[in-house]
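Numbers here are sequence positions counted from 1. For ligands, and for the atoms within them, numbers begin at 1 and follow the listed sequence. What you see is a predicted model; the values in this text were computed from it and never measured.
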Amino acid sequence: MNLFSSINIGNISLKNRIFMAPLTRCRSVQDNTPNDLMAEYYAQRATAGLIISEATQISTMGIGYPCTPGIYTNEQVLGWKKITQAVHQRDGKIFLQLWHVGRISHSSYLQGKTPLAPSAIKPAGEVFTFDGMKEYETPRAITSDEIYDIVQEYVRAAKNAIEAGFDGVEIHGANGYLLDQFLRDGTNTREDNYGGNIENRSRFLFEIIQAVSSEIGSDKIGLRLSPSGTFNDMSDSNPKKHFTYVCEKLNNFNLAYVHIIDALEGDIRHGANVVELSILRAAYKGVLITNGAYDKNRGEETIRNNQADAIAYGSLFISNPDLPERFKINATLNEADPQTFYTQDKKGYTDYPSL
Ligand SMILES: Cc1cc2nc3c(=O)[nH]c(=O)nc-3n(C[C@H](O)[C@H](O)[C@H](O)COP(=O)(O)O)c2cc1C
């Protein structure tokens, strides 16, 4: 088994284990609607075993950044359709990452409304707005009726994704956004059925997985988690215990995969709280993807040692549209330019050269 071995996830067969990680690129300049430039970008990367799309809002309250795409209007579905067609024409496969940012937003993105979160706990730091950097606002705690509504928003978004031609969806449970905010006790101090112990804190996630499974089938669902992550001011008292529980319980759902972001350098302040991949590999019995500063050799080693089934590459796929081919022949890799990660045109987006 190596990076170039095929792999099945759900009912689909993928040509290699070199996946493209979800990458927000802020090119949806018109009304959060995907466009032709994005179709070109994703089609260029269709040799990935699986493309996981950039994070995509399930609703208007899920927005937290400028020019990020959604999947809640007809125009957005039509825009995405062109992208999935372009990827499929090149024999690629693509999942859509479903996103609700929760408290990592600002009222200026939300028609003046206050960002939503499990509890009214303000994130440290600043948010980018159209009027420059601003302090985060204190979010409003979601009511239990709203929890039901948001589950329905996930269902509608997943249904739209399938209509738009995606091969499946990845539920974004990582990086300090809404679902992660529920999972961790640093951001969830609710006193109802959705807060307190990890059984309660994970209830929202499992309700979403159950409801989306009923709509599109569990074998078309992936889930992304970042158990060691501190990005977006996240913390948890015992991530090893809590995320082991979540991964064990995920065995009850026949998911396409679980996708773990390994501890990154910036997570070092977690110290002893870093959750080793081996713990989660032992807990979860299905297809496991890992990600986080992998190169070819570390990816090969991880698969050879059976620590994961596939590797997702982020920055390397930004600058190397033909990454699998380059890995195959050990070609030189292009360097990614962070200055153009979130700009609004083709520079640093579709102009990285293939071999
Ligand atoms: C420009 C950029 C945008 C990102 N956008 C997303 C995103 O939309 N969803 C997500 O789950 N992670 C996102 N991430 C995190 C990446 O998926 C990945 O976890 C991270 O880059 C580490 O992997 P790498 O070392 O292979 O780049 C983003 C990272 C970068 C650099």
Side-chain angles (χ1 to χ4, degrees), residues 3 17-28 32 34 38 41-42 45 48-58 62-71 80 94-102 104-105 128 157 169-181 183 222-232 234 257-268 277 289-300 302 308 310-321 323-324 326-327 333-344 347-350 352:
L3 283 172
R17 293 161 187 247
I18 305 164
F19 292 4
M20 177 173 165
L23 295 160
T24 291
R25 304 302 309 277
C26 299
R27 261 66 177 187
S28 288
N32 307 95
M38 290 165 61
Y41 164 80
Y42 282 111
R45 287 155 180 79
L50 179 69
I51 295 174
I52 303 157
S53 83
E54 64 206 277
T56 298
Q57 291 96 223
I58 60 162
I63 304 177
Y65 298 86
C67 306
T68 50
I71 185 79
W80 279 120
I94 181 166
F95 271 40
L96 180 72
Q97 193 185 46
L98 299 180
W99 195 26
H100 191 307
V101 298
I104 302 301
S105 187
F128 177 89
V169 298
E170 178 176 284
I171 295 172
H172 195 343
N175 292 347
Y177 298 109
L178 184 65
L179 300 182
D180 204 18
Q181 291 159 30
L183 289 175
L223 170 67
R224 193 171 216 215
L225 296 171
S226 53
S228 305
T230 53
F231 181 58
N232 283 329
M234 293 305 288
Y257 64 79
V258 170
H259 182 179
I260 301 293
I261 307 178
D262 239 350
L264 300 170
E265 220 169 279
D267 299 326
I268 222 74
L277 185 63
I289 307 174
T290 187
N291 159 258
Y294 281 80
D295 58 12
K296 178 186 169 185
N297 288 341
R298 192 167 149 236
E300 284 287 20
T302 302
I311 314 292
Y313 293 91
S315 316
L316 285 179
F317 253 116
I318 290 180
S319 51
N320 298 280
L323 187 64
R326 285 178 192 252
F327 274 177
L333 299 174
N334 303 317
E335 285 271 336
D337 174 12
Q339 300 298 324
T340 50
F341 279 179
Y342 307 112
T343 42
Q344 268 83 65
K347 185 166 183 294
Y349 188 57
T350 50
Y352 284 105

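Numbered from 1 in the order shown, with element, the atoms of ligand 1 that lie under 4.0 Å from a heavy atom of Y313 read 26 (O). Residue contact check: S315 has heavy atoms under 4.0 Å from atoms 24 (P), 26 (O), 27 (O) of ligand 1. Close contacts between ligand 1 and A21 involve ligand atoms 17 (O) [criterion: under 4.0 Å to a heavy atom]. Counting the atoms of ligand 1 from 1 in the order shown, those under 4.0 Å from a heavy atom of N175 are 10 (C), 11 (O), 12 (N).
The closest side-chain heavy-atom distance from F231 to D180 is not below 4.5 Å. Counting only heavy atoms from C-beta outward, the side chains of Y352 and D337 approach each other to under 4.5 Å. Counting heavy atoms from C-beta outward, E300 and F327 have side chains that stay 4.5 Å or more apart. A 4.5 Å side-chain heavy-atom check between F317 and I51 finds every atom pair outside the cut-off.
Protein heavy atom in closest approach to atom 30 (C) of ligand 1: L23 CD2, 3.7 Å. Of the protein's heavy atoms, N291 OD1, 2.5 Å lies nearest to atom 19 (O) of ligand 1. Among protein heavy atoms, the minimum distance from atom 2 (C) of ligand 1 is reached at Y342 OH, 3.4 Å. When only non-hydrogen protein atoms are considered, atom 9 (N) of ligand 1 lies nearest to Q97 OE1, 2.9 Å. In this structure, atom 31 (C) of ligand 1 lies nearest to the protein heavy atom F341 CE1, 3.8 Å. The nearest heavy-atom contact from the protein to atom 26 (O) of ligand 1 is G314 N, 2.8 Å.
For A174, the closest heavy-atom approach to ligand 1 does not fall below 4.0 Å.
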> Can E54 and T68 be said to form a side chain to side chain donor-acceptor pair (under 3.5 Å), step by step?
Replying inline: CA-CA 8 Å; E54 64 206 277; T68 50; over 6 Å; no

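Between the S53 side chain and the Q97 main chain, a donor and an acceptor come within less than 3.5 Å of each other. Judged by distance alone, with hydrogens and angles left aside, the side-chain atoms of Q181 form a donor-acceptor pair with the main-chain N or O of G176 at under 3.5 Å. For the pair E335 (side chain) and L333 (backbone), a donor-acceptor distance under 3.5 Å is absent. Side chain of N334 to backbone of S319: a donor-acceptor contact under 3.5 angstrom is found.
Considering T24, I311, I260, D295 only, the shortest heavy-atom separation from atom 4 (C) of ligand 1 involves T24.
Inclusion of I318 in the set of residues having an N or O under 3.5 Å from an N or O of ligand 1 is not warranted. In terms of polar-atom proximity, P22 is counted as a contact of ligand 1, with an N or O under 3.5 Å from an N or O of the ligand. Inclusion of R224 in the set of residues having an N or O under 3.5 Å from an N or O of ligand 1 is warranted. Some N or O of A293 is nearer than 3.5 Å to an N or O of ligand 1, by distance alone. Every N/O-N/O distance between A312 and ligand 1 stays at or above 3.5 Å.
A cation-pi geometry, defined here as NZ or CZ lying under 6.0 Å from the six-membered ring centre and within 45° of its normal, holds between R27 and Y349.
Checked against the 6.0 Å centroid threshold, F95 and F19 do not count as a close aromatic pair.
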